[in-house]
A.B. asks: 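Please read through the structure below; I'll follow up with questions.
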Amino acid sequence: MVEISALFHGFAVVLSPFNLLLMLIGIVLGVIIGVLPGLGGANGVAILLPLTFTMPPTSAIIMLSCIYWGALFGGAITSVLFNIPGEPWSVATTFDGYPMAQQGRAGEALTASFTSSFIGALFAVIMITFLAPLVAKFALKFGPPEFFAVYLLTFCSFIGMGKGSAWKTLAAMMLGFALAAIGMDNITGRLRLTFGFPEMMRGVDFLIAVIGLFGIGEILLSMEEGLSFTGKSAKINPKVVLETWKKLPHYWLTSLRSCLIGCWMGITPGGATPASFMSYGVAKRMSKNGDKFGRGEIEGVVAPETAAHAAGTAALLPMLALGIPGSPTAAVLLGGLLIWGLQPGPLLFVEQKDFVWGLIASMYLGNLAGLVIVLTCVPLFAAILRVPFSIIAPVIVVICAIGAYTVHNAMLDIWLMMIFGVVGYMFKKLDYPLAPLVLALVLGDRAEDSFRQAMLIAQGDMRIFFSNALVGTITGLALIMLFWPVVSRGVAKVRGG
Amino acid sequence: MNDQETGDDGGISTRTMEIVVALLLLAVSALVVYDSYRLGSKWGDDGPQSGYFPFYIGVLLGLASVATLVRVLLNQWRRDGKSTAPPGLFVEWGQLKLVLSVLLPAVVYVLAVQLFGMYVASAIYIMLFMRWLGHYSWVKSAAIGFGVSAAIFVLFEIWFKVPLFKGAYDALAWLGY
């Protein structure tokens, strides 16, 4: 029970007035970001990252992770009231959430979704509390070949588990790696892919890519629909909350299943969006009321919200324990660690106890605070969406530009952001996934370093990736993931025939 | 071969865009491979050379774009994207116009930032956007444009002490920041 005492130590770190204040600011900002089109968890955190450079790392990560929780909560508000998913992972919430709002049960739907989000997150945080230290301890034994194998596993799962074309996933990912290679080579110090432009020496910062791809790209995409928001109004009073809470325990099985799906999809880099769809689908198939799904069934709100929040939270486990983020937002937080001078990876649990356990404790408190804030302030947040798009759009473009500029104080970055915006728009429309691009851009240098170190150890012999049981298992798993569509088809055939 | 719709009256076809994007990615991969080859993509005296890893990245990127290209050209493409355009269309002309009405001003805005700095450019950009696309009154547009810009100024320059870009012709030099 070392974890429990460490956790209480974490609470002691978090419970300072300054940190609590940052937590509240983070949640409120996060909900606003989640509600606005064009701003989401990943780019919201990316834009605010430069403002935290001067803060102590623990306070900074508390604020930024709370923005993330807030954004997860905020996505549900727009889904239920406006039938516009503020975030990709809340698309599945619109299926039953909006019909409920149309029937005048918006309060019920919102209470159910917030509460489920909270439960999903809580489940994932408890898992992180007990599992992350074990994973980190295990990972201390890792050398370069093992780390490269884990990177391989991460990227292979994207290709094998992705929904769209595997070639497009591969293309997006390799583009990310190529962008990561721009600039100075870490080992030899030679310039790569700069083509003689000194400005390119710095490389392409992934924060710029995130702001452009998710921010500007999203604005362009929303503009296409010529957005005019018309939504249902909602008031949540304590009576509705209590009545809904009385109903929720009936769906404990759905919740538990969704928690497990969410955690699994969060740790393997599936992410919150597929988790919410998968959980909705499974709930629909397993539920007695499955045929009523899509017409305002409360269970259809519980399932995707629980899974999305569990996945969003669980994505921080590999980020903390291995230094490998499970989602774009986790990747941005990881970028933050590097900027604050912390080395992500298993040693974090040994060397930065305050930081790690402060963060974990803030996950408990942040989600609780988030639940209270969203339950009490829904009308306020919904009002933001009633601000016309022709005011919101230019303001978001300005915010994105400022965010891009402050990363390195470079004008070139704003231009890059615009280019990424157009790329994001085209990629989204053509089903090139953005998450692998961002993760490859973040992990590119480190994946390359561990690959080259492993090659140096083995003198260029690829067999090093199967040289012992540990690395062999991970590499083998990676290959299975890579060819998962083929493997699963084969399994089905064997069973069928 | 080309009797398939390649951009009729309705807009740009998805097929055209698929081909354009795949070709662009192919061009990027060629650049990466070329530069890696230049740096040395083999095994040097002291281990892998600088271009060793990027070389394979470039090769894989090329492979993936060729595969996508071939699949599009063979028309084996089942599309289920998030697009609001009718199937087969990447974007309708009307939608494209809306998208460009945001994109082009944004590009001009970034140019303005380069020249006149973040604050002045942002205020004018928000004002004109509201006036032209939102049809608000000049007074309201100007109030919000300059209000937002002033708020950003207070937040960044005064509270967080993060200086933003002042531009080639710093119109706010008299403020002393």
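Bear in mind that the values here come from a model prediction, so they are computed numbers and not experimental data. Just so it is clear: chains get the letters A, B, ... in the order the sequence lines come, proteins before strands, and each one is counted from 1.
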A.B. asks: At a 4.5 Å cut-off on heavy atoms, which part of B/V110 comes close to chain A: side chain, backbone, both, or neither?
C.D. replies: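 It is both, since atoms from each part get that close.
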A.B. asks: Is the shortest heavy-atom distance from the side chain of B/Y52 to the side chain of A/E448 under 4.5 Å?
C.D. replies: no
A.B. asks: Sort A/M411 into side chain, backbone, both or neither according to what part of it lies under 4.5 angstrom from a heavy atom of chain B.
C.D. replies: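 For A/M411, side-chain heavy atoms alone lie under 4.5 Å from chain B.
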A.B. asks: Pick one of side chain, backbone, both or neither for B/V32, based on which atoms fall under 4.5 Å of a heavy atom in chain A.
C.D. replies: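 Backbone plus side chain of B/V32, per the 4.5 Å heavy-atom cut-off to chain A.
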A.B. asks: Say you draw a straight line from CG of B/L100 to CG of A/L220; how long is it, rounded to the nearest 0.5 Å?
C.D. replies: 9.0 Å
A.B. asks: Measure distances from B/P163 to the heavy atoms of chain A and classify the residue's part below 4.5 Å as side chain, backbone, both or neither.
C.D. replies: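 Answer is backbone: N, CA, C or O of B/P163 sit under 4.5 Å from chain A.
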A.B. asks: For A/V422, which atoms come within 4.5 Å of any heavy atom of chain B: side chain, backbone, both, or neither?
C.D. replies: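 Side chain of A/V422 only, per the 4.5 Å heavy-atom cut-off to chain B.
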A.B. asks: Determine the option with the most heavy-atom pairs under 4.5 angstrom with chain B, choosing from A/I182, A/L51, A/T406.
C.D. replies: A/L51
A.B. asks: For B/F165 and A/N409: C-alpha separation, side-chain torsions, deciding distance, then whether side chain to side chain contact (heavy atoms under 4.5 Å, CB included) applies.
C.D. replies: CA-CA 7 Å; B/F165 196 64; A/N409 291 333; over 6 Å; no
A.B. asks: Is any side-chain heavy atom of A/M418 closer than 4.5 Å to a side-chain heavy atom of B/L103?
C.D. replies: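 Answer yes - side chains close enough.
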A.B. asks: To the nearest 0.5 Å, what is the distance between OG1 on A/T194 and CG on B/D35?
C.D. replies: 7.0 Å
A.B. asks: Do A/Y405 and B/V113 make a side-chain contact, defined as non-hydrogen atoms from C-beta onward lying under 4.5 Å apart?
C.D. replies: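 The answer is no, as the side chains (C-beta and beyond) never meet within the 4.5 Å cut-off.
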A.B. asks: Which heavy atom in B/L98 sits nearest to a heavy atom in A/M223, and how many Å separate them?
C.D. replies: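 Result for this residue pair: O-CG, 3.4 Å.
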A.B. asks: Less than 4.5 Å to any heavy atom of chain A: does that hold for the side chain of B/V66, its backbone, both, or neither?
C.D. replies: neither
A.B. asks: What pair of heavy atoms forms the shortest contact from A/G444 to B/F53, and how long is it?
C.D. replies: O-CE2, 4.4 Å
A.B. asks: Under 4.5 Å from any heavy atom of chain A, what part of B/L25 do you find: side chain, backbone, both or neither?
C.D. replies: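 The answer is the side chain of B/L25.
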A.B. asks: What pair of heavy atoms forms the shortest contact from A/R452 to B/S50, and how long is it?
C.D. replies: NH2-CA, 4.2 Å
A.B. asks: Looking at B/M17 and A/L430, what are the two nearest heavy atoms and their distance?
C.D. replies: O-CD1, 3.8 Å
A.B. asks: Determine whether B/M130 and A/P388 make a side-chain contact, defined as any pair of heavy atoms from C-beta on separated by less than 4.5 Å.
C.D. replies: no
A.B. asks: What is the distance from atom CD1 of B/I152 to atom CD1 of A/I399, rounded to the nearest 0.5 Å?
C.D. replies: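 Nearest 0.5 Å value for the CD1-CD1 distance: 6.5 Å.
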A.B. asks: In terms of heavy-atom contacts, does CE of A/M184 have more than 12 from other residues, nucleotides or ligands at under 6.0 Å?
C.D. replies: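 Counting other residues, nucleotides and ligands, CE of A/M184 stays at 12 neighbours or fewer.
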A.B. asks: Using non-hydrogen atoms and a 4.5 Å limit, figure out which bit of B/V162 sits close to chain A: side chain, backbone, both or neither.
C.D. replies: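 The side chain, not the backbone.
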A.B. asks: Is chain A contacted by the side chain of B/L111, its backbone, both, or neither, given a heavy-atom distance below 4.5 Å?
C.D. replies: both
A.B. asks: If I compare all heavy atoms of B/I126 with all of A/V395, which pair ends up nearest, and what's the gap?
C.D. replies: CD1-CG2, 4.0 Å
A.B. asks: Going from CG on A/D185 to CG on B/L39, what distance comes out if it is rounded to the nearest 0.5 angstrom?
C.D. replies: 8.0 Å
A.B. asks: For B/V107, which atoms come within 4.5 Å of any heavy atom of chain A: side chain, backbone, both, or neither?
C.D. replies: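 Interface part for B/V107: both.
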A.B. asks: Rounded to the nearest 0.5 Å, how far does OH of B/Y136 lie from OG of A/S390?
C.D. replies: 4.0 Å
A.B. asks: With a 4.5 angstrom heavy-atom cut-off, which part of B/I144 approaches chain A: side chain, backbone, both or neither?
C.D. replies: side chain
A.B. asks: Before you tell me yes or no, could you show the steps for A/K429 and B/E18 under salt bridge (charged side-chain N to carboxylate O under 4.0 Å, His left out), namely the whole-Å CA-CA distance, both residues' side-chain angles and the distance that decides it to 0.1 Å?
C.D. replies: CA-CA 10 Å; A/K429 293 207 73 169; B/E18 288 277 13; over 6 Å; no
A.B. asks: Decide yes or no for A/F177 and B/L60: does some side-chain heavy atom of the first lie under 4.5 Å from some side-chain heavy atom of the second?
C.D. replies: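 No. Closest side-chain heavy atoms not under 4.5 Å.
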A.B. asks: Where does A/A178 contact chain B at under 4.5 Å (heavy atoms): side chain, backbone, both or neither?
C.D. replies: both
A.B. asks: Relative to chain A, which segment of B/Y56 carries a heavy atom at a distance below 4.5 Å: side chain, backbone, both, or neither?
C.D. replies: neither
A.B. asks: Can you tell me if A/F197 has over 12 outside heavy atoms packed within less than 6.0 Å of its CZ?
C.D. replies: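 No - once you tally the heavy atoms of other residues, nucleotides and ligands closer than 6.0 Å, there are 12 at most.
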A.B. asks: Looking at CD1 of A/I402 and OG of B/S122, how far apart are the two atoms once the value is rounded to the nearest 0.5 Å?
C.D. replies: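 So the gap between those two atoms works out to 5.5 Å.
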A.B. asks: Does the side chain to side chain contact (heavy atoms under 4.5 Å, CB included) test come out yes or no for B/F129 and A/V397, once each step is laid out?
C.D. replies: CA-CA 11 Å; B/F129 195 103; A/V397 172; over 6 Å; no
A.B. asks: Side chain, backbone, both or neither: which part of B/M118 has an atom under 4.5 Å from a heavy atom of chain A?
C.D. replies: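 Contact with chain A involves the side chain of B/M118 alone.
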A.B. asks: So what's closer than 4.5 Å to chain A heavy atoms on B/L31: side chain, backbone, both or neither?
C.D. replies: both
